[in-house]
Amino acid sequence: MISALFARNVPARTFEVSKLVVRVCALRQLSDEGRQSFRGRDGNRSYNGDRSSRGGYGRNDRNSRRPTGGHRGTRLQGEPPLRLSNVVRVADDQSSKDITLDGLHQSGVIDKELHKAVSRMNFESLTPVQQKTIKPILETEHDVIARAKTGTGKTLAFLVPIFEHLIKTRTESPSMVKCVIVAPTRDLALQIDSEIEKLHKNNHALRKFKSIALIGGSNFQVAIKRMFKDTPNIVVATPGRLMDVMSKFSDKFFKHVDFKVLDEADRLLEIGFDEDLRDISKTLNSINATGPEHIRTLLFSATLGDNVQKLAAGIMNRKESLFLDTVDVNEPEAHEKIDQRLVISENFASNLYAPISAIKNRLATNNEPFKAILFVPTVKFTKFYCTILERLFPSLPVYEFHGKIDQRKRTKMVGLFKRAHEGIFVCTDVGARGMDFPGVEEVLQLGVPSELSNYIHRIGRTARGGKEGKATIYLFKDELPFIDTLAREKNVKIVDQDDYAVNKDEIEEFNSCLRDEFMFRESLESMLSFYKGCEQAYGFYMPKVARQIANSYGQCLMQPEKKMPISRSTASMRYGLKGRIVEEIFDCGQSHRESYNNEERLPNRGNKTRNFSNRSNQGGYDSGRRVSRQRWESNEKFDNKRFRSPNRGENPRIDYN
Ligand SMILES: Nc1ncnc2c1ncn2[C@@H]1O[C@H](COP(=O)(O)OP(=O)(O)OP(=O)(O)O)[C@@H](O)[C@H]1O
C-alpha cells in the first residue's frame with residue numbers, strides 16, 4: 001500500500017514507490033443503493049431503466065458472443081459488487097520533465113533494440129505523457145490511468161513499455177498473446193497496429209514480437225488463421241471482435257496476458273461498451289495462467305475525469321492505480337495550441353452555408369493547399385453535404401467517411417487522407433477520437449458533437465505532435481446552450497466568436513447544388529433524430545430546433561412555403577412533437593404520403609443505389625449499445641438507402657476502390 005501523504009504539490013523526488021508523495025483522490029465509493037439503481041427490475045443491470053434500449057440495435061445475440069468463462073456483464077444477485085480501484089493521483093514531478101529516450105536507455109529502463117526503433121522516429125524529445133508514464137509502467141506493479149491532451153503521443157506512451165515488457169519476457173510463453181490493446185473504433189485499432197508496424201520497420205529485431213488487429217468488418221476466418229500462423233504477442237482489437245475471438249479461442253491464445261490497454265478509455269467504459277469491457281476483463285482474469293489478478297490495466301485518454309475510478313470499476317485488478325495526469329486539475333482538456341472559434345448563424349438554414357462560405361474564403365485568400373476535417377452529426381447528412389461540397393469545390397478532393405462505408409474502403413480512405421496534402425475529410429464522430437492525420441490545418445464542425453467529450457477529441461484532430469491548428473464550430477442560435485454546457489462541464493470557453501449572415505447569392509448557389517430533394521429531406525430527418533437524442537444532454541428545446549430544421553427545407557429549396565413532409569406519427573414518435581407545431585412546420589397531409597411514395601419509386605437515374613444493411617455494428621464500433629450511439633443508430637436507420645448524386649463525374653471525389 002502506498003504511504004499516501006496529503007501533499008500540496010510537493011514534487012516527488014524519485015519514483016521509488018515507498019517515497020512516492022501522492023495526493024489520494026477522494027474515493028467515490030459506489031454506495032449499494034447506487035449500484036441498485038443500475039439494476040433493472042429483473043435484477044439485471046440496465047441503463048436508463050430499459051434493457052431494450054441497449055439491446056435494441058438489432059445486435060446479434062450477445063450471449064453467442066460471450067467469451068467462455070464469462071457471463072453477461074450484468075452481475076447476478078448476490079455477486080460481489082464491482083471493486084473500485086484506489087486511484088492515486090501522482091503529483092507533477094519536475095524531474096520527469098528531464099526524462100529523455102537516451103536517458104531511459106542509459107538507465108536501463110528500455111532495451112537498446114527498443115531505443116533504436118523509437119529514436120529512428122526522429123522525435124526531438126519525449127512528450128510529457130511519455131516522460132510521465134513509461135517509467136512507472138515499467139518500474140511499478142500498479143495499474144495506470146493516464147490523461148494527456150490530444151495529439152501528445154499517448155500511443156507511444158503505452159507501446160514503449162509494452163515492447164520493453166515483451167523484450168524482458170521473450171523467453172516466457174513466446175508464442176502467446178501478452179498484451180491486449182482495445183480501441184473503440186476499427187480505424188483507431190488499425191492505426192495503433194500500424195504504429196507497431198513502424199517500430200518493426202525501424203528495427204527488425206522487434207519483429208519477433210508480432211501483432212494483429214482484430215476488428216469487425218474484416219474476415220473472421222482470415223484473422224483466426226493469422227492468429228494460428230503468427231502467434232502474435234500483441235492483439236489490437238475492437239471489443240466486439242475481441243469477444244468473438246475470445247469466445248472460441250480464449251484458452252488457446254489468451255492465458256498469458258500480462259497487460260491490457262484501453263485507448264480512449266472513457267469512451268470504452270461508458271454505457272454501451274462497459275459491459276463488454278467488463279466481460280473481456282473477467283474472462284482474461286479467469287483463464288490467466290498466473291492468477292486472476294495478474295493482468296495490469298493501462299487506461300489512456302485525453303478526457304478522463306475524477307469519475308474514472310467509477311468508470312473503471314471491475315476493470316482494474318490492482319488495489320491501487322496511479323493516475324498520471326499531464327493536465328492540471330483546473331486546466332481545460334482542450335489543447336492550448338488549438339485556436340478555437342465559434343460562428344453563430346441566425347437559423348439552421350444559414351448554418352448550412354456557413355462552413356461553405358468559410359472554405360470558399362480560405363481557398364480564395366490562400367494559395368496553400370487546404371487540408372481540413374469537417375465533422376457533421378449524422379451519416380445521412382455526411383452523404384448529403386459531400387454532394388454539395390463536390391459541386392461547389394470541384395477541384396478540392398472530398399472524402400466521405402462514416403460507419404456505413406465498407407471497412408475496406410474506409411481503411412483505404414484513411415490511408416489516402418493521411419498522405420494527402422489537401423482535401424476535406426467529411427465525417428461523423430466515428431472519426432472524432434484518436435485518428436492521426438498529419439497536416440490538418442483546421443477542424444470544422446457543423447453542429448454539435450454526439451457527446452460532450454467528443455468536442456475535445458474532434459478539435460484534437462489538428463495541432464498534433466507539437467504543431468498548431470484551428471478549430472471552428474458552426475452553430476445556429478438554438479444550439480448555443482451547447483456552448484454553456486461546454487464551458488460548465490469542460491471548462492472550455494470559446495472567446496473568438498463571430499456572427500454569420502447568409503447572403504442571397506450563397507442561398508442560390510447552394511440551391512443550385514441541391515439536386516436530390518429526397519436525399520436532402522432524409523438528411524434533415526436524420527438531423528431531427530440526432531438533435532432529439534442530445535436534447536437533454538445539451539439543454540436544447542426540441543420544438544425550436546425542429547422548427548429550424550424543418551424551415552430549412554423550404555428555405556434551401558428556395559420555396560419558403562414548402563413544408564417538410566413528415567407524418568404526425570413520425571413527428572410524435574421520433575421527435576416527441578405533438579399538436580400545433582407539427583401542423584405548422586411539417587406537411588403531414590396527403591401530399592406527403594404521395595410525394596414520399598413517389599420518391600420511393602423514383603426510377604434509378606443511373607445512380608448507384610447503395611443499400612446498407614441495417615446491422616448495428618456497421619457503425620465502425622464493434623460493440624456499442626451506448627445511449628449516444630442510439631442517436632447514430634436512429635439516424636443511421638435512415639441511411640439504409642441512397643441515391644448517388646446525378647453528376648458525380650464533376651468532382652474527383654476520392655473513389656477509394
Ligand atoms: N515524442 C514525440 N515528439 C513529437 N511527436 C510525437 C512524439 N510521439 C508521438 N508523436 C507524434 O504525435 C502525433 C500524435 O500521436 P498520438 O496519435 O499517439 O497522439 P494521442 O495523444 O494518442 O492523440 P489522441 O488523444 O488524439 O488519440 C503522431 O503523429 C505521433 O507520431
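Read the numbers this way: they start at 1 and go in the same order the structure lists the ligands and their atoms.
Of the N or O atoms in Ala148, none lie within a sub-3.5 Å distance of an N or O in ligand 1. No N or O atom of His457 sits closer than 3.5 Å to an N or O atom of ligand 1. Between Glu195 and ligand 1, no N or O atom pair is found at a separation short of 3.5 Å. Between Thr150 and ligand 1, not a single N/O pair is under 3.5 Å apart. At under 3.5 Å, not a single nitrogen or oxygen of Gln191, backbone or side chain, sits near a nitrogen or oxygen of ligand 1.
Nearest protein heavy-atom neighbour of atom 28 (C) of ligand 1: Asp436 OD2, 3.3 Å. The protein atom (non-hydrogen) at minimum distance from atom 6 (C) of ligand 1 is Phe123 CE2, 3.5 Å. Of the protein's non-hydrogen atoms, the one nearest atom 19 (O) of ligand 1 is Gly153 N, 3.2 Å. Residue, atom and distance of the protein heavy atom nearest to atom 12 (O) of ligand 1 are Gly465 CA, 3.5 Å. Considering only non-hydrogen protein atoms, atom 21 (O) of ligand 1 sits nearest to Lys154 NZ, 2.8 Å. The protein heavy atom nearest to atom 1 (N) of ligand 1 is Ser125 O, 2.8 Å. Looking only at heavy atoms of the protein, atom 17 (O) of ligand 1 is closest to Arg464 NH2, 2.9 Å.
Under a 4.0 Å criterion applied to the non-hydrogen atoms of Thr127, ligand 1 contributes the atoms 1 (N), 2 (C), 3 (N), 7 (C). The contact set between ligand 1 and Lys149, taken as ligand atoms under 4.0 Å from a residue heavy atom, comprises 21 (O). Close approach of ligand 1 to Thr152 is summarised as follows: ligand atoms under 4.0 Å from at least one heavy atom of the residue are 19 (O), 20 (P), 21 (O).
If you check the side chains of Thr150 and His457, you find no donor sitting under 3.5 Å from an acceptor. Using modelled atom types, one finds a donor on one side chain and an acceptor on the other under 3.5 Å when comparing Lys178 with Thr169. Donor-acceptor pairing under 3.5 Å is lacking for the side chains of Gln340 and Lys493. The closest side-chain donor-acceptor pair between Ser281 and Lys260 falls under 3.5 angstrom.
Nearest-residue assignment for atom 8 (N) of ligand 1 (options Arg433, Glu264, Glu333, Gln130; heavy-atom criterion): Gln130.
Contacts with ligand 1 closer than 4.0 Å are made by backbone heavy atoms (N, CA, C, O) of Leu126 only, the side chain lying farther away. Contacts of Thr155 with ligand 1, taken as heavy-atom pairs under 4.0 Å, involve both backbone and side chain. At a heavy-atom cutoff of 4.0 Å, ligand 1 is contacted by no atom of Pro438, backbone or side chain.
Assignment of Met121 to the shell around ligand 1 is not supported, since no heavy atom sits closer than 4.0 Å. Assignment of Arg461 to the shell around ligand 1 is supported, since a heavy atom sits closer than 4.0 Å. Ligand 1 lies less than 4.0 angstrom from a heavy atom belonging to Gly151.
Without hydrogens or angle criteria, Lys208 side chain to Ala205 main chain gives a donor-acceptor distance under 3.5 Å. Remark: the backbone N or O of Ala432 is paired with a side-chain donor or acceptor of Arg461 at under 3.5 angstrom.
Under a cutoff of 6.0 Å and an axis angle of 45°, Lys154 and Phe300 do not form a cation-pi pair. A cation-pi arrangement is present between Arg410 and Phe401 under the rule of less than 6.0 angstrom and at most 45 degrees off the ring axis.
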Worksheet item: Where do Glu333 and Arg147 land on the salt bridge (charged side-chain N to carboxylate O under 4.0 Å, His left out) test, with the steps shown first?
Response: CA-CA 9 Å; Glu333 288 171 323; Arg147 179 174 70 150; 3.0 Å; yes
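In terms of the salt bridge (charged side-chain N to carboxylate O under 4.0 Å, His left out) criterion, residue partners of Glu195 (sequence neighbours excluded) are, by chain and number, Lys198.
Tyr385 has its side chain within reach of Leu446: a pair of non-hydrogen atoms, C-beta onward, lies under 4.5 Å apart. At least one side-chain heavy atom of His200 sits under 4.5 Å from a side-chain heavy atom of Ile196. The side-chain heavy atoms of Tyr538 and Leu452, taken from C-beta on, include a pair separated by under 4.5 Å.
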